[in-house]
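Since the model is a prediction, treat every value here as computed from it, not as a measurement.
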Amino acid sequence: QVHLVESGGGSVQGGGSLRLSCAASGDFYESYCFVWFRQIPGKEREGVAGIFSDGRSSYLESAKGRYTISQDKDKKIAYLEIGSLKPEDTALFSCAVDTPTDYDRCQRRGSFGMDYWGKGTLVVVSS
């Protein structure tokens with residue numbers, strides 16, 4: 001069983017940056033995928049960034065340039081850095097893990113394929 005806990009959210013001024021963390025406990029298979037999802041009020045949840053166990057990453061087109069996903073494999077932590085924050089980044093950010101998996105599936109960042117979910121961390125960006 002894998003347990004995920006997100007942290008790092010909060011209220012921030014537009015233009016600033018944040019680093020979200022997703023700490024995992026429990027055992028993974030050798031192949032795994034962390035995905036960060038964003039739930040904007042009134043919109044569907046979308047996978048904004050994913051990182052495979054070998055370090056390859058993928059991004060939602062609208063997230064490219066300002067969102068950066070990374071991981072600390074030894075600590076089983078996935079990070080999501082968001083720069084140049086805008087009010088439209090206001091959302092509940094959740095992380096999820098799919099394991100075992102492959103890169104093709106990981107880069108699709110589909111919520112249906114995730115095995116484990118965290119409860120999320122809220123980001124509120126003011127103008």
> Where do Thr101 and Cys33 land on the side-chain contact (heavy atoms from CB on, under 4.5 Å) test, with the steps shown first?
Replying inline: CA-CA 7 Å; Thr101 188; Cys33 176; 3.8 Å; yes
>> Are Tyr116 and Tyr32 linked, directly or through intermediate hydrophobic residues, by side-chain heavy-atom contacts shorter than 4.5 Å (ILVMFWY only)?
In response: yes
>> Walk me through whether Lys119 and Leu4 qualify under side-chain contact (heavy atoms from CB on, under 4.5 Å).
In response: CA-CA 8 Å; Lys119 293 184 178 180; Leu4 303 174; over 6 Å; no
> Linking I/L/V/M/F/W/Y whenever any side-chain heavy atoms sit under 4.5 Å apart, do Met114 and Tyr59 land together?
Replying inline: no
> Below 4.0 angstrom, N of the basic side chain to O of the carboxylate: do Glu46 and Arg38 qualify?
Replying inline: yes
> Nearest heavy-atom pair of Ser21 and Ile77: which atoms, and what distance?
Replying inline: CB-CG2, 4.3 Å
>> Check for me, please, whether Leu20 and Val35 land in the same ILVMFWY cluster - side-chain distances under 4.5 Å, paths through other members count.
In response: no
> Got a second to check how far Gln1's CD is from Ser25's OG, nearest 0.5 Å?
Replying inline: 9.0 Å
> Considering all heavy atoms of both residues, which atom of Ser58 and which atom of Arg109 are nearest to each other, and what is their separation?
Replying inline: OG-NH1, 3.1 Å
> When you look at Ser94 and Leu92, which way does the side-chain contact (heavy atoms from CB on, under 4.5 Å) test go after all the steps?
Replying inline: CA-CA 6 Å; Ser94 304; Leu92 179 69; 4.2 Å; yes
> Quick one: does Thr99's side chain have a donor or acceptor within less than 3.5 Å of a partner on Tyr29's backbone?
Replying inline: yes
> Can you check ring-ring contact (aromatic ring centres under 6.0 Å, His included) on Tyr79 and Phe34, steps first, answer last?
Replying inline: CA-CA 9 Å; Tyr79 301 100; Phe34 274 106; 9.5 Å; no
> Quick one: do Leu85 and Leu80 end up in the same hydrophobic cluster if we chain Ile, Leu, Val, Met, Phe, Trp and Tyr together by side-chain heavy atoms under 4.5 Å apart?
Replying inline: yes
> So how far is it from Cys22 SG to Glu6 CD, rounded to the nearest 0.5 Å?
Replying inline: 5.5 Å
>> If hydrophobic clusters are built from ILVMFWY residues whose side chains come within less than 4.5 Å, do Ile69 and Val2 share one?
In response: yes
> Which heavy-atom pair separates Glu88 from Ile40 by the least distance, and what is that distance?
Replying inline: O-CD1, 3.8 Å
> So which heavy atom on Ser31 is nearest to which on Phe52, and how close?
Replying inline: CB-CZ, 4.2 Å
> Between CD of Glu81 and OG of Ser17, what distance do you get to the nearest 0.5 Å?
Replying inline: 7.5 Å
>> Can you pull out every salt bridge (Lys or Arg N to Asp or Glu O under 4.0 Å) where at least one residue sits in residues 90-101? Sequence neighbours excluded, please.
In response: Asp98-Arg105
> Is the ring centre of Trp36 less than 6.0 Å from the ring centre of Tyr67?
Replying inline: no
> Run the side-chain contact (heavy atoms from CB on, under 4.5 Å) check on Ser111 and Arg45 step by step: do they pass?
Replying inline: CA-CA 8 Å; Ser111 60; Arg45 181 170 58 192; 4.0 Å; yes
> Quick check: does any side chain N or O of Lys73 sit under 3.5 Å from a backbone N or O of Ser53, one acting as donor and the other as acceptor?
Replying inline: yes
> Are the side chain of Thr90 and the backbone N or O of Val125 linked by a donor-acceptor pair below 3.5 Å?
Replying inline: yes
> Crowded around Asp104 CG? As in, over 12 foreign heavy atoms under 6.0 Å?
Replying inline: yes
